[in-house]
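First up is the structure itself, then whatever we jot down about it.
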Amino acid sequence: MTRDLTRSFGAATAVDGVDIEVRPGEIYGFLGANGAGKTTTMRMLLGLTAPTRGRATVLGRPAGDPKALARTGVLIEEPALYPYLSGRDNLRAMGRYTAVSAERVEQVLETVGLTDAAERRVATYSLGMRQRLGVGMALLKDPELLVLDEPTNGLDPAGVVHMRNMISSFAAEGRTVLLSSHALGEVDQICDRVGVLADGRLVAQGSVAEIRGEGALLVHASPTPAAADLLGARFGRDNVHLDPGGIAVRVDPALAATVNRVLVEAGLEVSALAWRERTLTDSFFELTAATTGSSR
Ligand code: ATP
């Protein structure tokens, strides 16, 4: 949880008055364009960067508190790995600092799908394998909270699916996951709630369904202006918009037949009628549009 969390670097404000709330047991997706302030916020949550203003609490303790950090697993930016050690020895080396058992190392290798490659030197790992080993590092201490900065960055489609399934399984085990991502499709599928950052400010926070918003019926009818007018009069002007894909009518999908009848009875020609779900990507661009093209 953060209150008015702010960080400036010189004259630039990277994070500006951010209030986020991550609830226990949920997967929270932190969204934002490059430079929006996601990493800086995560670093402040972990006590790696000091806020200029405001505060953050993590697992009920002030950000950076060692007792909270002991219950938190972190993957921020590139995982720090020893390239000349094997995957297993990297985990063992990390485990030595945190008094993790050999058995736990094996469990983690299994969880991240690296048991078969455990003896290979990390220098020979693919990006996806290194990323999974990084997640394994974060998991070693059996943390309650996982903070993962862009865990799917640079992964191929199979790697993305693997990572997504792993993250879902962490939540199923009762862990809380805070992840940042540009991959909106991924976030759409695995997150319970999201926060959208634009230019350092939190512009939206809510469940994925809330942020995504409702879909619309896309209608192709001619003449289009007459059809749009008629639908506006019938279903409310605010619910009808001209869209590059047709006339978008925000109504219950069950009303498709009614929409069709209204138009046909008025002598208008209907050539297509289809339901279009909104995606998180639609909302993301709307929410961040006002700030794109700014100083960053
Ligand atoms: P990305 O998706 O590219 O990782 P992000 O949302 O994580 O972006 P941040 O890395 O938090 O964004 O950066 C936010 C802003 O703060 C950027 O303009 C960045 O240049 C700036 N910034 C971050 N760290 C520093 C620093 N140590 N010194 C100066 N500026 C910084």
Side-chain angles (χ1 to χ4, degrees), residues 1-22 27-58 63-64 69 72-81 127-128 130-131 134-135 137-138 145-156 159-160 163-164 167 177-191 193-206 208 211 279-281 283-296:
M1 192 213 61
T2 71
R3 281 289 168 264
D4 191 30
L5 197 64
T6 301
R7 169 70 200 205
S8 304
F9 294 104
T13 306
V15 176
D16 193 356
V18 164
D19 295 337
I20 63 168
E21 189 204 353
V22 181
I27 305 182
Y28 185 102
F30 211 18
L31 309 180
N34 287 127
K38 303 179 297 294
T39 305
T40 305
T41 303
M42 288 178 151
R43 291 179 60 87
M44 286 194 280
L45 291 175
L46 299 165
L48 297 170
T49 294
T52 315
R53 199 179 71 220
R55 67 193 169 87
T57 49
V58 176
L69 288 178
T72 306
V74 181
L75 174 64
I76 282 206
E77 287 145 2
E78 289 278 291
L81 302 170
L127 177 69
R130 283 204 297 275
Q131 198 73 344
V135 172
M137 298 277 209
L145 169 67
L146 278 162
V147 177
L148 308 174
D149 193 12
E150 292 173 22
T152 55
N153 227 13
L155 300 186
D156 65 15
V160 168
M163 186 64 75
R164 187 171 73 209
I167 292 172
V177 182
L178 167 62
L179 64 91
S180 73
S181 185
H182 305 289
L184 300 173
E186 294 310 310
V187 170
D188 208 331
Q189 289 182 50
I190 60 169
C191 291
R193 296 194 323 127
V194 296
V196 182
L197 268 191
D199 233 359
R201 277 184 286 271
L202 190 73
V203 291
Q205 177 173 246
V208 170
I211 302 292
T279 64
L280 207 51
T281 310
S283 305
F284 179 79
F285 283 119
E286 284 169 20
L287 287 163
T288 57
T291 55
T292 47
S294 68
S295 53
R296 276 173 212 139

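In each ligand, atom 1 is the first atom listed, and ligand 1 is the first ligand listed.
- For the pair Gly32 and ligand 1, no heavy-atom separation below 4.0 Å is found.
- Judged by distance alone, the side chain of Ser180 and the main-chain N or O of Lys38 form no donor-acceptor pair under 3.5 Å.
- The side chain to side chain donor-acceptor pair (under 3.5 Å) check on Arg130 picks up nothing, with sequence neighbours excluded.
- Taking every non-hydrogen atom of Ala36 and a distance limit under 4.0 Å, the qualifying atoms of ligand 1 come out as 5 (P), 6 (O), 12 (O).
- Considering CD1 of Ile27 and CD1 of Ile167, their distance stands at 7.0 Å, rounded to 0.5 Å.
- Polar contact with ligand 1: absent for Phe9 (N/O pair, distance under 3.5 Å).
- For a threshold of 3.5 Å applied to N or O pairs, the pair formed by Thr39 and ligand 1 contains at least one separation below that value.
- At a 3.5 angstrom cut-off on N or O pairs, Ala14 does not count as close to ligand 1.
- Classification of Asp4 and Arg53 as a salt-bridged pair holds, one side-chain N sitting under 4.0 Å from a carboxylate O.
- Set against the non-hydrogen atoms of Asn34, the atoms of ligand 1 under 4.0 Å away are 1 (P), 2 (O), 3 (O), 8 (O).
- Near His182, the atoms of ligand 1 lying under 4.0 angstrom from a non-hydrogen atom of the residue are 2 (O).
- For ligand 1 and Ala33, the ligand atoms under 4.0 Å from any heavy atom of the residue are 6 (O).
- Once rounded to the nearest 0.5 Å, the distance linking OG1 of Thr279 with CG of Asp188 reads 7.0 Å.
- For ligand 1, the atoms sitting less than 4.0 Å from at least one non-hydrogen atom of Glu150 are 1 (P), 2 (O), 4 (O), numbered in the order shown with element in parentheses.
- In this structure, Arg7 has no salt bridge (charged side-chain N to carboxylate O under 4.0 Å, His left out) partners at least two apart in sequence or on a different chain.
- Of all non-hydrogen atoms in Gly128 and Leu155, the two that sit nearest each other are CA-CD2, 3.4 Å.
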